[in-house]
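This report refers to the structure that appears directly beneath it.
Just so we're clear, the structure is a prediction, and the values are computed from it rather than from any experiment.
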Amino acid sequence: MEYFPAPLEALVEQFARLPGIGGKSAQRLAFYVLGLSEQEAQTFADAIVTAKKTVTYCPVCRNFTAGGLCPICASDRRDSSVICVVADPRDVAAMERGREFNGKYHVLHGVISPMNRVGPDDIAIKPLLERVAQGGVQEVIMATNPDTEGEATAMYIARLLKPFDVKVTRLAYGIPVGGHLEFTDDATLARALEGRREL
């Protein structure tokens, strides 16, 4: 026996399809939407449809944009000789929150993952190589996640970039600020020792 009318069940089902949203959260979101006024609900729906229709990939870095170059690629204040390679547009947002990086980005839209049937041709590696081949790039920073797929992707791209005579670096990783050595796993501690720097 269904507890809710079919349209509400369908709405709950759609919210449950979102990543990180379980059944209870989906129900809570559906009830919230039903509590909106007609105009608020329409504005919400319009925002989804408009974003889906108008948001595209930047022709240079493959980040999201509302047409043409993204604001980062269009800015002449950014250092175009340094490219930070990330797996996902969310990673660009994370890097920008730090306000330390002043170069440009390249978004791969995934990582190499044979288990998930994602190969090098399934992510945006070729556009990166084309950018570097045009010249003017001095450093490529690999900022993929420090997991198996992220490491494999970084190493694969580093090998492809060797003939271009550019510096290829990897984000440092190790003990987080505020962390304690006693709670740090062996692999992280080893990486922290490898990446140590002079004070």
Between N145 and E149, a side-chain donor and acceptor under 3.5 Å: no

Short side-chain donor-acceptor distance under 3.5 Å, Q134 and R131: no

Side-chain touch T144/L108, heavy atoms, less than 4.5 angstrom: yes

Short side-chain to backbone donor-acceptor contact, N102 and R77, under 3.5 Å: yes

More than 12 heavy atoms from other groups under 6.0 Å of CZ on F44: no

Within one Ile-Leu-Val-Met-Phe-Trp-Tyr cluster: L171 and M142, side-chain cutoff 4.5 Å: no

Over all atoms of both residues, closest heavy-atom pair of V12 and A30: CG2-CB, 3.6 Å

Check ion pair E96-R78 (N to O, under 4.0 angstrom): yes

From CZ (F15) to CD1 (I21), nearest 0.5 Å: 8.5 Å

Heavy atoms of other groups near E130 CD, more than 12 under 6.0 Å: yes

Any donor-acceptor N/O pair, N116 side chain to S113 backbone, under 3.5 Å: no

Whether Y57 and H109 hold their rings parallel, tilted or perpendicular, with breakpoints at 30° and 60°: tilted

Backbone N/O of T50 and side chain of T54: donor-acceptor pair under 3.5 Å: yes

Distance in Å, T43 OG1 paired with Q39 CD, rounded so as to fall on 0.5 Å steps: 5.0 Å

Under 3.5 Å side-chain donor-acceptor pair for E139 and S81: no

